[in-house]
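Basis for what follows: all heavy atoms, side chains included, without hydrogens, waters or symmetry-related copies. Lettering of chains follows the sequences in order, A, B, ..., and the numbering in each one begins at 1.
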Amino acid sequence: MGALIELDDVTRAYDTGTARAALTNLRLQIEEGDFAAVMGPSGSGKSTLLNLVAGLDRPTSGRVVVDGCEVGRMSESALARFRRRRVGFVFQFFNLLPSLTVLENILLPAQLAWSRPAAAAARARELLERLGIQEVAARYPARLSGGQQQRVAIARALINTPRVLLADEPTGALDSSAGAEVMRLLQDLHGEGQTVVLVTHDAKLATRHARRVISLLDGRLLDDTRLAVTTADPQDLVRVTGREVAG
Amino acid sequence: MSLRFAILGLIAEEPLHGYEVKSRFERMLGGTWEVNIGQVYTTLQRLERDGLIEASGQRGDRNKLAYRTTPAGRDAFAEWLAQPDDEPQQLREGIYLKLLLATRHGNGLLGGLLARQRAVYLQRLHDLGVLEDRATREGRADLALLLRGAILHVEADLKWVDGCLEEGRAGASADQEARE
């Protein structure tokens, strides 16, 4: 079985002058059902990678294939359809429309994709319940906490049942407990089979919840670590020491 | 010195004999510091010699002698507990030596080493996170606190490796610019 996401020798340069390319000769495969965190310092190419997979950007050279679609070769209208149907995107600052209620925000991508209203409404109800936000369905985003707004954004990203959920620093605007809650939610969704790719700078959250950490530096792959499931005890990992001979 | 005061502190809670001191100490630390029983007995003898503990008169399990703290012992423990720890920072990992020597040898292997070290730290961060969650779930807030300390140290190590990698990159591009 092929990978759900494949980057084959991908370069993305924004400037043909002296500026360094955002991504250089990147080769990467992400399988269906994976939960990958992408890490790296600012300017390392993390967001460029996510935007390429989301069909928001095209490679300068090389191939980006997502769910069998080659992003770089698609027409604008095919790409717009691809974005609505195959990928869900979650942003750091939620990007909810303030003049729409929670339910209307969640339904919007379904309406843009011309889904049957009854099916979309049923899916929205399912997601509201799944993400624990049914009681705020009629409220406006400004009246929600950050953690609730991000849950709404995740529901909106999932309304069209995308093949991959992409998240760019989804915990970046949240306090640590709301951030951990959002990460647990993404982990649960992954447990239910959702492919998740997220960009984060938080190594603790990334390693706690993702199955794989892809590290970029200067637009190149630095390291690709598949985290092993651990059964270790504290003494296998930590040694507390001190001078033991008493005077 | 810290073992001496840790033992004193455990005995200040209630009279204990040597083997109880060892098992309580190790359990408190989740097994992250193992002491041998000989060290415990030596420490108890010295604490008794210094007038900080005394035989409690009670015989414990297997007829072992239990100790209790004296007023001087409780004062000494309270004084130790109030003092901040100002021992030098310990960097014991071999990675520090490898980094220094790889830099001196300049054999081009440093980047790969740092990337592999990074992978080790990421896995450790995952493992410690799992243990912290488990300790919290099991009501071991004290152990969770110790693990959170370990997590912060690994995060610092990770930042340090990232800093070395970024510095190496800056050095490499400066070299390249100089050649161009």
Decide yes or no for A/Leu227 and B/His126: does some side-chain heavy atom of the first lie under 4.5 Å from some side-chain heavy atom of the second? yes
OG1 of A/Thr207 to CG of B/Leu128: how many Å apart, nearest 0.5 Å? 9.0 Å
Could you tell me which portion of B/Leu122 (side chain, backbone, both or neither) has an atom closer than 4.5 angstrom to a non-hydrogen atom of chain A? both
Has the side chain of B/Glu155 got a donor or acceptor atom that lies under 3.5 Å from a matching backbone atom of A/Ala203? no
Heavy atoms only: give me the nearest B/Gly30-A/Pro234 pair and the separation to one decimal. O-CB, 3.5 Å
Got a salt bridge between B/Arg134 and A/Asp233, using NZ or NE/NH1/NH2 to carboxylate O under 4.0 Å? yes
Under 4.5 Å from any heavy atom of chain A - which part of B/Ala150: side chain
Counting heavy atoms not belonging to B/Arg27, are there more than 12 under 6.0 Å from its CZ? no
So, taking the atom named OG1 in A/Thr225 and the one named CD in B/Gln123, what distance separates them when rounded to the nearest 0.5 Å? 8.5 Å
Of the backbone (N, CA, C, O) and the side chain (C-beta and beyond), which part of A/Asp224 lies under 4.5 Å from a heavy atom of chain B, both, or neither? neither
Whatever's closer than 4.5 Å to a heavy atom in chain B on A/Arg220 counts as neither
Is there a side-chain contact between B/Leu125 and A/Arg208 (heavy atoms, below 4.5 Å)? no
Winner by heavy-atom pair count (cut-off under 4.5 Å) against chain A, out of B/Asp133, B/Leu143, B/Thr42: B/Asp133
One should read off an interatomic distance between A/Gln235 CD and B/Thr32 OG1, to the nearest 0.5 angstrom, of 8.0 Å
Counting only non-hydrogen atoms closer than 4.5 Å, does B/Leu47 touch chain A with its backbone (N, CA, C, O), its side chain (CB onward), both, or neither? neither
Are more than 12 heavy atoms from other residues, nucleotides or ligands located less than 6.0 Å from atom CD of A/Glu129? no
Rounded distance [0.5 Å steps], CG in B/Leu158 versus OG in A/Ser215: 8.0 Å
I'd like to know if B/Arg116 pairs up with A/Asp223 as an ion pair, taking the criterion as any Lys NZ or Arg NE/NH1/NH2 lying under 4.0 Å from an Asp or Glu carboxylate oxygen. no
